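Since the structure comes first, as structure tokens, the remarks are kept for the end.
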Amino acid sequence: MHFTLSPELTEYAANLREWGSTVARGYARQADTEHALPPDTDKILDSAPVPLGREEFPRDALPDVPDGPGPRAVIWFESIAYSDMWLMESLNRGVGHFVVKAIGTPEQVERWWDPVIAKGGKTGFGMSEPGAGSDTSRIATTATRDGDTWVIKGSKMFCSLGAVADYIVVFARISKDGGKSAIKAFVVERGHPGLTVVKANENKLGLRCWMTSQLAFDDCVIPVGNMLGWSGDDTDLTTTGGLNAGLSGLNDNRPNVSSQSIGVARASLELTTALLREQRQSFAPHRWSVIEDELVRMAWTLDRARQLNLRAQWMNDRAMNNRAEASIAKGFGPLNADRVIRRCMQLLGPEGTTTDLLLEKWYRDIKILDIFEGTGQVMRLLISRHLMGRDAAGS
Amino acid sequence: MHFTLSPELTEYAANLREWGSTVARGYARQADTEHALPPDTDKILDSAPVPLGREEFPRDALPDVPDGPGPRAVIWFESIAYSDMWLMESLNRGVGHFVVKAIGTPEQVERWWDPVIAKGGKTGFGMSEPGAGSDTSRIATTATRDGDTWVIKGSKMFCSLGAVADYIVVFARISKDGGKSAIKAFVVERGHPGLTVVKANENKLGLRCWMTSQLAFDDCVIPVGNMLGWSGDDTDLTTTGGLNAGLSGLNDNRPNVSSQSIGVARASLELTTALLREQRQSFAPHRWSVIEDELVRMAWTLDRARQLNLRAQWMNDRAMNNRAEASIAKGFGPLNADRVIRRCMQLLGPEGTTTDLLLEKWYRDIKILDIFEGTGQVMRLLISRHLMGRDAAGS
Amino acid sequence: MTFDLTLSEEQDAVRDLARILADDAVSPAAPEAEAARGVADALWRTLLSTGLTAPVAPEHGGGGVPDGTSRLLAVEGLGFGDAAIAASAFWSGNAALLIGSCGTAEQRDAMLPAFVTDTELRAAVALYEGFGRAPSEYRTTIQAEGDRWRVRGRKTGVPLTAGGGPLIVVGTDPSAGDRLRAAVIPADDGQGEGGQGGVTVTASSPHLGLDAAPMSTVDLDVTVGERHLLGGPDADDAALAHEVSMARLTTAALAIGCAQRACEYASGYATERTAFGRPISVFQGVAFLMADARMRIDAARLQVWQAAAGLETTEAAGTERAVSHAVAYATSIASEVTRDCVQVLGGHGFLADHPVERWYRATASLTALDFDPTCLAFTPAL
Amino acid sequence: MTFDLTLSEEQDAVRDLARILADDAVSPAAPEAEAARGVADALWRTLLSTGLTAPVAPEHGGGGVPDGTSRLLAVEGLGFGDAAIAASAFWSGNAALLIGSCGTAEQRDAMLPAFVTDTELRAAVALYEGFGRAPSEYRTTIQAEGDRWRVRGRKTGVPLTAGGGPLIVVGTDPSAGDRLRAAVIPADDGQGEGGQGGVTVTASSPHLGLDAAPMSTVDLDVTVGERHLLGGPDADDAALAHEVSMARLTTAALAIGCAQRACEYASGYATERTAFGRPISVFQGVAFLMADARMRIDAARLQVWQAAAGLETTEAAGTERAVSHAVAYATSIASEVTRDCVQVLGGHGFLADHPVERWYRATASLTALDFDPTCLAFTPAL
């Protein structure tokens, strides 16, 4: 059993963090204030001394390290978020095309996946609605068949990249019955008639440069072939990949979300440690020694989360069933991470929460990580079902 | 607003704790080992320099302090438990007669309450069953009417004082329908035919001198007048005070249960503080100063619980609705108390958990306090219903 | 005296008034005040006119100075409306209380009437220094130098005195056994009276969630005449310690008011929001978060009240630690409570459409203002 | 090397064997061992015969010494059966590991064969001193005095060596930069070899839940000849530090095994016990306790494994702290987990009819054995 990373991955991550915390982090405040990525994002990204993994640039591929893609992802997500979450968002092409890849027909993949990989477009993901969060069965947006078309009607919120994406994968219900299995995924391209951007970017607590849009589908007519997985035969409708299939590809991302929280908390802890050390003489000796203990305790807390993340991804690389372990990783990391940042601000005192430092931003950014892709409560539900069967935690 | 206690109550409590921690505490180990009160309990109690509140001795009445009976109870329960929980049990006459007082007819009160107060008997309380804990609606013991008698059939566990009580108030179901309202309280006197003591005292984690019996009612025939609240008219049956009425008198006890947990944790903290101070030179200076902080943090934790207990009882004295506050008190105290004792043992090191000290006993004794008279989970359920209505936390 | 939570008629009235103000005036103004980074003059006048925020005795034209309990009820009550607006108003008002309790007759006459007549006046007490320091540990010194008094040190989290009201600095006097002293820094003379030194006020960047209560860092090395020494050379330092403790407890009461509001809001949301066919309040994973919140809030409130009551009865040294503990606990649990309230709202909690996110921010700033890490330790959530 | 949790075939086999032993032999023996305050000879022989508990190299008649991971898997596995029985066996076996890794050839030849041939042998390593001390801080000293070595100090939580096996004392040498040393105290001579001092073994009263693993306090002021110095005067102190760390991690792995068992037991109970018409596992207030338990157990296990792996790769100074942190976390969460498991069983959890109460007790003792309060701080539950 080993708990070290390869020298290659260690060096890659060190270089990434070095550049990320000096160069990229310099744009963090601006991204927050302007609720948008920096205008010269591409130039900033090009200045990175290591590849960042942008699919459209073959030479930007992440290094092929002996650790495997899973642990590499853990370290990559942690290091990117360590720089600042805006960097994460700048590399976020969206997830719509992953859904296409997961449940689309070969023709659909060719049409909507390949170009994104080749040319680097962005894709949107429309699932949440004002009345439907964790309970996806409550999706109320409808798709009604009309000859060779589907007519989409409804509202979406939290639609990531909704206002700028080349297309949006939107989930809608094709019948009132059938629960989740009646919810299917449809591709709606940008500017398509009937699709209105109600709000390009929602006003959020944090992660403000992450564009989440509110969209209205007002009798939006799309070709029948835009239903993902539809092979031209309507008798397939019940088996056509829908909500669950569309989401399954996202489950693997849970340890990565946790890694992001650990990256942000680690940045906070390192910054705080450096600032406190400069001010050491200002602390009473007893208090200083307490603080040194606290910093170590926080570092161990983050490290425990990191190991859980690595485990989940290491298992994934081996095609081991890691559903419980992925949930554990996501349930554990974010909950500890915001607590670490809060404690860092407390230790720094009144100046710790001003906009002169990034901790206040990170404390805002990080909160969503215990919510999206499954709240901490949903993670506990999944873990307890793993322990106690499918009826567990139903109430 | 005031947070002090009267000099009278303060002095009473100090005297009680002084005697309790020197004299009474000396019997703690014995009570644990022998799963019974000391044989000379009455003599020990008589040696107390302050009244202990035994009803059967008029001169033993608790002092009439300006704080009122509620805060007096908080301090009394805390101080008795501070001595050791065996002292609590030695003063425990049971709760059966309280149920008689709460829902009995005047004749029943005269027959089963008055003598206990006058002469100091003990009374049992038979509610829990192997299959019915927090969910009292699951009580399966039945009472079947047969002419002028009731025939009781079933098993009880956790029946406090069951094997020695003058009588037991046993809860049984008079019909299969009607849910909780079909559960009534009956008086079964000691040695009554059909009542078998299966196990006089259950083998428990702690509080071992607290006699809890397992009883079997095997076609146990009792007079019809032994149903509490029955005034001779069968048409009253549905309104005759049953389970809920019988329990309502016990709700007031919740802050007292919390106070017991605080008393035990306080004893642990004080003992630990004294022992650690003797060994101060054995600690590295930094560790010692950390420990001093810890001791203070624990004391504040207990004090917060104490204030919540006082508040709930202070409200009760004024006939204010304190259901939420009583639940808060009970939800808060015991959960913190066992944590304090555990930490004390950790600070004391390997010797902290041996039977040479009482901490290990106290750590065992205290666990039941977050369980009986409503678990911490039930308290949270009640509090959340107070916040969010009757459907909260339940479904 | 015995344990007694009875409110006097006056206290009851204060609580009711504060709640009405919170609902009608403070809460609705929160978004605008945040955007404007300050409390609008009209609202400021409203708050001042109630006499709640900057109480002044009748002989100086005010409506009277309420007792400490009333003060805490008022602070929590307005904090329930909005922590930042309430902070701004009460932190200014703390200066009036300090002058009223600790000033000489001349000082009271000179400074107090303006708190009533000048409806735009913003005053400040410079307390905090960071580093977990309690007042007796403040490194800002105020000590005699010839016939003048030299004030030296650095204060952070000082309310901005944009309105021109007095700035009172609290420090210790190393020549007098580190006793607590307070000096009024003349507001009209940024270079120090007589040019002997300087006062540099550096406006801080906004504090997370407290945009409407702008603060500054103040660097001082200035000498002032004896008439600027609050209460004079022989001032009652126990009275000063008392008022300083009450000022510190203001922060705790603000946090409690904010957490209480968040708990009520999230509880209400949970009863209305449905998922899986039922209101989410039926799920114990949600409901118990709110039950824990309620327990913590109640415990914190009692501890703060108890600390305030202790100021009347206990030795100063003990009360200072008690205040540090009360502030650390109240503000920390307020942060955790508001965090859990955002969680109850899920994705909606992350949107500015609901005010919970503001409370999440504001309590974080409140808990960093005056935090002593020896009072409450970090432990992992799991 | 990269992050890799793959178990070798041998490790897999060890884990499987330990689990079988736990289920078939250890768990059923727990009540009896507790009552008897010791492990019955027959069970002791069974455990020894597997080679899991006191591994000895083939050249000394044993079946070979497994790697550290195997050791931890074995400890956790038997701890899953019963913490006290497993503690008794592994703490004795730690002596064999210490001799095997750090002894001179003569010492190995003299002492190791008995671990194989004497099926009643109970040995002990005297490590703990309380007071949060890590090994480098041990105040028990082992230093040269003329041509002999003087061992002075007090050890607590020392397994009883009733079976007459060697007692190994670990201490620091102030004459050699506080380097770690270990000495074998001759078992047959309570007055110290040559009468120059004494060894007083005071049997401790039972430790909460660890009745079957009796311990003692040992007061030492004794001189021993060089042949009793483990590894001789120039022993490899890094190797010694390594084995001492592994011995400390034994306690953490025991706690994890016990917590894992409790979590599985309580989870099973919750699916069978009904209340309000449904299994209590449907209530998130119950289910989430178990989910949290599972998360903590997994985190603690990885930290312990990581600390063990770090012994192979990292500087000794860093690993000592890492071990202290791993032990503090693993044993503390084990206590909390077993506490919550009792809670899930409610009143039934308080009865000895269910084994959960034993686990509640045992983990409390494990967490007090080797606890450094700087590694994990007290915070209120609410």
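Here the structure is a predicted model, which is why all the values come from computation and not from measurement.
- Of the atoms belonging to L366(C), not a single heavy atom falls under 4.5 Å from chain A.
- For the pair H348(C)/D353(C), no side-chain contact is recorded, criterion being any heavy-atom separation below 4.5 Å from C-beta on.
- For D293(A), no part lies near chain C; criterion is any non-hydrogen pair under 4.5 Å.
- For a residue to count as touching a neighbouring chain, one of its non-hydrogen atoms must lie under 4.5 Å from one of that chain's; by this rule R364(A) touches chain C with backbone and side chain alike.
- For the set E137(C), R358(C), E129(C), Q284(C), the count of heavy-atom pairs under 4.5 angstrom toward chain A peaks at E137(C).
- Annotation: side chain of R248(C) is in contact with side chain of E320(C) (closest heavy-atom distance under 4.5 Å).
- In terms of non-hydrogen atom pairs under 4.5 Å with chain C, the most contact-rich of P350(A), G131(A), G349(A), G331(A) is P350(A).
- Per-residue counts of heavy-atom pairs under 4.5 Å with chain A were compared for G130(C), P206(C), A352(C); the largest is that of P206(C).
- S282(A) and R139(C) share no side-chain donor-acceptor pair at under 3.5 Å.
- Counted by atom type alone, S204(C) and T354(A) present zero donor-acceptor pairs between their side chains at under 3.5 Å.
- Both the backbone and the side chain of R133(C) have a heavy atom closer than 4.5 Å to some heavy atom of chain A.
- The residue among L348(A), T212(A), D356(A), L359(A) with the most heavy atom pairs within less than 4.5 Å of chain C is D356(A).
- At a 4.5 Å heavy-atom cutoff, the contact between T217(C) and chain A is made by side-chain atoms alone.
- Proximity to chain C (any heavy atom under 4.5 Å) is shown, for F372(A), by neither the backbone nor the side chain.
- Residue contact with chain C, scored on non-hydrogen atoms closer than 4.5 Å, involves the side chain of I291(A) exclusively.
- Proximity to chain C (any heavy atom under 4.5 Å) is shown, for R339(A), by both the backbone and the side chain.
- When all heavy atoms of W86(A) and A28(A) are compared, the closest pair comes out as CD1-CA, 3.7 Å.
- Here A377(C) is the residue among G349(C), A377(C), G346(C), S332(C) with the most heavy-atom pairs under 4.5 Å with chain A.
- Residues Y265(C) and H354(C) have side chains that bring a donor and an acceptor to within less than 3.5 angstrom of each other.
- The shortest heavy-atom contact between Q377(A) and G285(C) is CG-O, 4.1 Å.
- Of the atoms belonging to A132(A), it is backbone heavy atoms, and not side-chain ones, that fall under 4.5 Å from chain C.
- Ranked by non-hydrogen atom pairs under 4.5 Å with chain C, the options V290(A), L347(A), L335(A) are led by L335(A).
- Among R380(A), R342(A), K367(A), the residue with the largest count of heavy-atom pairs under 4.5 Å with chain C is K367(A).
- The closest side-chain donor-acceptor pair between Q343(C) and T375(A), if any, does not fall under 3.5 angstrom.
- With a 4.5 angstrom heavy-atom cutoff, I341(A) does not touch chain C via any of its atoms.
- Ranked by heavy-atom pairs under 4.5 Å with chain C, the first of E360(A), R287(A), M157(A), H286(A) is R287(A).
- Side-chain atoms of T156(C) and E351(A) form no donor-acceptor pair, as typed in the model, at a separation below 3.5 Å.
- Aromatic ring centres of F171(A) and F125(A): separated by under 6.0 Å.
- With respect to chain C, the highest number of heavy-atom pairs below 4.5 Å among M298(A), M345(A), R304(A) belongs to M298(A).
- With a 4.5 Å cut-off on side-chain heavy atoms, I328(A) and H386(A) do not count as touching.
- Under 3.5 Å, the side chains of Q346(A) and S335(C) contain no donor-acceptor pair of N or O atoms.
- Of the two parts of R138(A), only the side chain, counted from C-beta on, holds a non-hydrogen atom closer than 4.5 Å to a non-hydrogen atom of chain C.
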